[in-house]
Amino acid sequence: MQASENQSGKPSGSRQMPIDWPDVGFKVFCFVILAYLVLPVIMVIPTAFTESVRITFPPQGFSLKWFQKFFTNPLWLNAFKNSLIIAVSTCVISIGLAIPTSLAFRKRFPGKFTLRLIILMPWFVPEILIGIGLLMFVPKIGLYGNYLSVIIAHTLWGLPISFLIISTGLNSVDPALEEAAQTMGSNSLRVFFEVTAPLIKNALVSAVLFCFVLSFNEFVMSYFLCTPDIMTLPINIWSMLRTGFSPIVAASSTVVILITLGELVLISRFIGFQTLYK
Amino acid sequence: MLKQKIADLLEKSTAYNRYFLLAPPLLFIAAFFIIPIFWMIRISFYPGGSFEYEPGFTLQHYLRFFLDPYYLGTALYTLKITMLVTPFVIVFSYAVSYLIATSTGKKGAIYLMLIVTPLFTTEVVRALGFKIFLAKHGIINTILLATGLFDEPLQLIYNDFAIVVALIHSIIPYACLVLIGVLVGIDKSYLEAAKTMGAGRIKTFWHVTLPLSIPGLSGALVVSIIWCLSIYSIPEFLGSGAKYTMTMLIEEQILSVFNWPFADAVAAILVFLTVVGLAVSFKFSEKKEFK
């Protein structure tokens, strides 16, 4: 039971044996499920290239006009800009909080288990509950309608995931290296930036990518917290979907899907997704 | 001597450092997660209704939810959807997780990639994808009509079927992540022992792998139930609109009716169910997830 660790893994000798029907049946079953998982996302892409004024399948003709409309319409561009601002800020704050957290968690200390649970908690609580909680609370501190309200909500997800990833990265760093630097007179901050950070570069990059993807795609919390000024891309897609079925929605969804897929491919290059279940 | 002193100093400084390092994230979570959730629960006890509520204590919102057949109906409808979705989620995600856990090399990584793609793609886009598949002139109906088996398109969307199909799709990745972790962690020597003792593949699976994956299965079950209870956009977008889930009720009460205490009461019930579910699943998988 080893997943994807063994890079040289070629099934040896299984070719000579007769066809293993239960195994084939199982694999077919699994592939059907995998197709079911991926196709509803992927099949949105071709519909964005249609020439007609409604989303149809199969798409009629080929045109880029809906992408052109997306990239020239101020409403969509504004939503795109908002999504980027919120996602980048979420990355910065999440990583900024996750690095000290993961450093503190390297050693054993009393209450470690409970504190870890508290930090991971937002990851397990449905976003609708976080969204409503923040909607009730955010006006009290004067942040309603401010980018910060949505950034805070997304950071509640970004922090646990970056914490998990950076912690995994730190596990493979030999503390002796850092201690050596420390005894040679570097202060903690310098030790981190000059010794530790380069060693966990992959984990840091992946944590940034994860935070970006999470924030860029987050819908429910933003839905409760967004005012028209700070509307994100998923919110705009949602409100357009409710009123019609224009291919511009497919075009904007395609932009979201391609950005997401690009980041996921990058993540798989850096550390892979094993951190998510380990 | 000097070395010992340095080590002591380092030890002491890390203890201070630890509080210094942990303060910002813990304050952040306290301020923007714990306090808001408790605040929400507090408001659910405030007397009042649409647009107006005042501090105080009343159970009227909870009573209203449980005594009014319409509101209680949203809970029953949510429960019905959950019961339809969960068995499929468990079976499908167990199969895929088993495939991933037993795959070697690049294949496993590719399967994992296929699972995380819908996980990270926003649910709004997934809802659109299902509409493209299930609509009257969508992909499925186009194919069915082309085969000649049906004369007219089937009604696949705006009903419970669409909700269930899309919910299963949304929840499988979460359940998979729980299950893969447990399946990968199963000690291979057990399987080899079973093999040496003459057990076939199916027997080994039934008597060794499956019992050992119970922590994962219970975790996946809880994950599935929690997500079924709390997904908003899919029932809203793919459902008939005539029947409400609890999340749709919350959304309506907050953004259209503005009866915040009542919405908070419904949300507090969901918080309660989530906490119970998580407590149960941690009990089962304590060692695994939080070592």
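Sequence lines set the chain letters: A, B, ... in the order given, protein chains first and strands last, and positions in each chain run from 1.
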Between Ile29(B) and Met121(A), does a side chain to side chain contact (heavy atoms under 4.5 Å, CB included) hold up when you go through it step by step? CA-CA 9 Å; Ile29(B) 289 186; Met121(A) 203 63 195; 5.9 Å; no
Quick one: do Asp23(A) and Arg201(B) satisfy side chain to side chain contact (heavy atoms under 4.5 Å, CB included)? Show the steps, please. CA-CA 10 Å; Asp23(A) 190 54; Arg201(B) 222 172 16 180; 4.1 Å; yes
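Contacts of Ile43(B) with chain A are made by side-chain atoms alone, with heavy-atom separations under 4.5 Å and no backbone atom involved. Both the backbone and the side chain of Ile168(B) come within contact range of chain A, judged by heavy atoms closer than 4.5 Å. His137(B) touches chain A through its backbone: at least one of N, CA, C or O sits under 4.5 Å from a heavy atom, while the side chain does not. Heavy atoms of Ala23(B) lying under 4.5 Å from chain A are absent altogether. If you measure heavy-atom distances from Asp187(B) to chain A, you find no contacts under 4.5 Å at all. Using a 4.5 Å cut-off between heavy atoms, Leu135(A) contacts chain B through both its backbone and its side chain. For Leu99(B), the parts sitting under 4.5 Å from any heavy atom of chain A are the backbone and the side chain alike. Interface remark: Thr47(A) contributes side-chain atoms only to the contact with chain B (heavy atom separation under 4.5 Å). For a residue to count as touching a neighbouring chain, one of its non-hydrogen atoms must lie under 4.5 Å from one of that chain's; by this rule Thr274(B) touches chain A with the side chain only. The contact between Leu114(B) and chain A is made by backbone and side chain atoms together, counting heavy-atom distances below 4.5 Å. Of the two parts of Val44(A), the backbone and the side chain both hold a non-hydrogen atom closer than 4.5 Å to a non-hydrogen atom of chain B. Of the two parts of Val138(A), neither the backbone nor the side chain holds a non-hydrogen atom closer than 4.5 Å to a non-hydrogen atom of chain B. Contact of Thr117(B) with chain A is made through backbone and side chain together, with heavy-atom distances under 4.5 Å. Contacts of Phe29(A) with chain B are made by side-chain atoms alone, with heavy-atom separations under 4.5 Å and no backbone atom involved. Using a 4.5 Å cut-off between heavy atoms, Ile250(B) touches chain A through its side chain atoms alone. Neither the backbone nor the side chain of Phe216(A) comes within contact range of chain B; no heavy atom of the residue lies under 4.5 Å from a heavy atom of that chain. Proximity to chain B (any heavy atom under 4.5 Å) is restricted, for Ile55(A), to the side chain, taken from C-beta onward.
The shortest heavy-atom contact between Val116(B) and Leu264(A) is O-CD1, 4.0 Å. Minimum interatomic distance between Ile33(A) and Ala95(B) (heavy atoms only, all atoms of both residues): CD1-CB, 4.4 Å. Here the closest non-hydrogen pair linking Leu129(A) and Ala267(B) is CD2-O, 3.5 Å. The shortest non-hydrogen separation linking Ile128(A) to Ser230(B) is CG2-O, 3.8 Å.
Going from atom CZ of Phe28(B) over to atom OG of Ser94(A) covers 7.0 Å, rounded to the nearest 0.5 Å. A distance of 11.5 Å separates CZ of Phe219(A) from CD1 of Ile231(B), quoted to the nearest 0.5 Å. Put simply, OG on Ser268(A) and NZ on Lys106(B) are 9.5 Å apart, with the number rounded to the nearest 0.5 Å.
Looking only at heavy-atom pairs under 4.5 Å with chain A, the residue among His169(B), Glu251(B), Glu236(B) that has the most is His169(B). Interface check for chain B: of the options Thr254(A), Leu103(A), Val32(A), Ile118(A), the most heavy-atom pairs under 4.5 Å are formed by Ile118(A). Chosen from Met136(A), Glu127(A), Met43(A), the residue pairing most often with chain B at heavy-atom distances under 4.5 Å is Met136(A). Of the listed residues Lys27(A), Glu263(A), Lys140(A), Lys112(A), the one with more heavy-atom pairs under 4.5 angstrom with chain B than any other is Lys140(A). With chain B as partner, the option from Pro58(A), Ser252(A), Pro122(A), Ala98(A) having the largest number of non-hydrogen pairs under 4.5 angstrom is Pro122(A). Ranked by heavy-atom pairs shorter than 4.5 Å toward chain A, the options Phe38(B), Phe130(B), Trp260(B) are led by Trp260(B). Interface remark: of the candidates Ile132(A), Leu214(A), Thr260(A), Ile130(A), Ile132(A) forms the most heavy-atom pairs closer than 4.5 Å to chain B. Note: Leu241(A) leads Val38(A), Val249(A), Leu241(A) in heavy-atom pairs under 4.5 Å with chain B.
Side-chain atoms of Val125(A) and Val275(B), non-hydrogen and from C-beta on, never get closer than 4.5 Å to each other. Within the 4.5 Å cutoff, the side chain of Ile119(A) has no heavy atoms near those of the Phe33(B) side chain. In this structure, the side chains of Val220(A) and Glu123(B) come closer than 4.5 Å at one or more pairs of heavy atoms. Side chains of Phe137(A) and Ile37(B) form no contact here, defined as non-hydrogen atoms less than 4.5 Å apart. Counting only heavy atoms from C-beta outward, the side chains of Pro173(B) and Leu37(A) approach each other to under 4.5 Å. At least one side-chain heavy atom of Phe31(A) sits under 4.5 Å from a side-chain heavy atom of Tyr111(B). Proximity of Leu270(B) to Pro126(A): side-chain heavy atoms (C-beta onward) are nowhere separated by under 4.5 Å. A 4.5 Å side-chain heavy-atom check between Ile139(B) and Leu39(A) finds every atom pair outside the cut-off.
Taking the six-membered ring for Trp and the full ring otherwise, the centers of Phe120(B) and Phe210(A) sit less than 6.0 Å from each other.
Panel note: side chain Tyr36(A), backbone Val165(B); a donor-acceptor pair is recorded below 3.5 Å.
Counting non-hydrogen atoms of other residues, nucleotides and ligands closer than 6.0 Å to CZ of Phe109(A) gives a total above 12.
Using cut-offs of 30° and 60° on the angle between ring planes, the pair Tyr98(B) and Phe26(A) is perpendicular.
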